[in-house]
Amino acid sequence: MPASNRKPARRPQVPSANRKGTRRPKATRSIVVLLSTAPPSAAARIARALVGARVAACVNVVPGIASTYRWKGRIERAKEVLLVIKTTTPRIRACRRELVRIHPYDTPEVLVFRADAATLPYARWVDASTA
């Protein structure tokens with residue numbers, strides 16, 4: 001078939017946030033923050049402070065992390081705890097400020113990821129828990 005008679009390629013439909021076809025409200029854009037912390041006793045204190053301040057809806061504390069890293073020219077190894085922090089786009093700045101304020105490290109690891117594929121009921125719960 002000549003190029004001028006071809007139909008334009010159809011783009012695949014991207015599924016909406018829920019099955020009814022409505023879009024996810026902007027306020028329910030979930031964020032996941034990863035944070036390594038030591039000692040493990042600091043993890044529980046940080047988790048409680050973040051949820052208490054409503055800058056996080058939930059914090060999972062994952063023990064048993066062994067980190068190897070370079071610090072001040074030396075290779076270090078430490079036993080740490082991983083915190084998986086759930087928050088929202090509007091609350092991420094406040095969450096980061098609180099983490100930097102209460103974290104025992106001079107340079108805390110704060111890695112932020114968008115959670116675009118979160119289920120709508122969960123995203124709404126995160127949003128309500130951090131409002």
Side-chain angles (χ1 to χ4, degrees):
M1 183 184 307
S4 61
N5 292 337
R6 288 187 190 163
K7 292 182 180 178
R10 190 172 166 190
R11 288 185 164 190
Q13 292 293 319
V14 177
S16 62
N18 65 28
R19 293 190 179 162
K20 294 179 184 175
T22 59
R23 296 208 177 269
R24 181 182 311 277
K26 282 192 176 196
T28 60
R29 297 284 164 86
S30 297
I31 298 289
V32 174
V33 179
L34 298 182
L35 171 80
S36 294
T37 185
S41 61
R45 180 179 53 79
I46 292 170
R48 186 175 269 308
L50 296 177
V51 174
R54 299 185 78 86
V55 296
C58 175
V59 179
N60 302 117
V61 178
V62 184
I65 304 297
S67 295
T68 303
Y69 55 94
R70 185 174 305 279
W71 183 249
K72 295 184 179 180
R74 295 181 48 196
I75 295 177
E76 302 283 343
R77 184 166 166 83
K79 291 182 180 178
E80 296 183 306
V81 174
L82 177 67
L83 298 184
V84 181
I85 303 160
K86 276 72 79 166
T87 190
T88 61
T89 303
R91 299 297 285 155
I92 191 60
R93 281 192 178 134
C95 184
R96 277 196 299 231
R97 274 194 307 270
E98 187 68 7
L99 283 171
V100 169
R101 187 182 73 75
I102 63 178
H103 197 280
Y105 286 175
D106 293 334
T107 308
E109 171 195 64
V110 180
L111 304 175
V112 179
F113 301 91
R114 287 184 6 197
D116 291 338
T119 62
L120 189 56
Y122 183 80
R124 285 182 175 156
W125 173 79
V126 171
D127 191 49
S129 297
T130 57

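Only this structure's heavy atoms are used, side chains among them; waters, hydrogens and symmetry mates stay out. Bear in mind the structure is a predicted one, so any value in this text is a computation, not a measurement.
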Practice task
Measure across Val61 and Pro63 and return the closest heavy-atom pair with its distance rounded to 0.1 Å.
Solution key: O-CD, 3.4 Å

Completion exercise
When every non-hydrogen atom of Leu83 is compared with those of Ile46, the smallest separation belongs to CD1-CG2, 3.6 Å

Problem - Note, Val33 side chain near Ile92 side chain (heavy atom, < 4.5 Å) - result: yes

Practice task
Answer yes if Val32 and Leu120 sit in the same cluster of Ile, Leu, Val, Met, Phe, Trp and Tyr residues linked by side chain heavy atoms under 4.5 Å apart, and no otherwise.
Solution key: no

Handout entry: Min side-chain heavy-atom separation Phe113-Leu111 under 4.5 Å
Key = yes

Exercise for the section: Spell out, as yes or no, whether a donor-acceptor pair under 3.5 Å connects the side chain of Arg91 to the backbone of Arg54. Expected result: yes

Problem - Side-chain heavy atoms of Ile102 within contact of Arg45, under 4.5 Å - result: yes

Practice task
Measure the shortest side-chain to side-chain distance between Tyr69 and Arg77 over non-hydrogen atoms and say whether it is less than 4.5 angstrom.
Solution key: no

Exercise for the section: Please identify each residue that fulfils salt bridge (Lys or Arg N to Asp or Glu O under 4.0 Å) with Arg101, with sequence neighbours left out. Expected result: Glu98

Handout entry: Name of the residue among Leu35, Ile85, Val84 meeting side chain to side chain contact (heavy atoms under 4.5 Å, CB included) with Val59
Key = Ile85

Handout entry: Candidate pair Val112 and Arg96, rule side-chain contact (heavy atoms from CB on, under 4.5 Å), full reasoning
Key = CA-CA 9 Å; Val112 179; Arg96 277 196 299 231; 4.1 Å; yes

Handout entry: Pairwise side-chain contact, Pro108 with Leu99, heavy-atom cut-off 4.5 Å (strictly under)
Key = no

Practice task
Apply side chain to side chain contact (heavy atoms under 4.5 Å, CB included) to Ala57 and list each qualifying residue two or more places apart in sequence or on a separate chain.
Solution key: Trp125, Val126, Ser129, Thr130

Problem - Nearest-0.5 Å distance that lies between atom OG in Ser67 and atom CD in Glu109 - result: 7.0 Å

Practice task
Answer yes if the side chains of Glu80 and Tyr105 hold a donor-acceptor pair under 3.5 Å, and no otherwise.
Solution key: yes

Practice task
Would you check if Arg114 and Ile31 make a side-chain contact, meaning some heavy-atom pair closer than 4.5 Å?
Solution key: yes

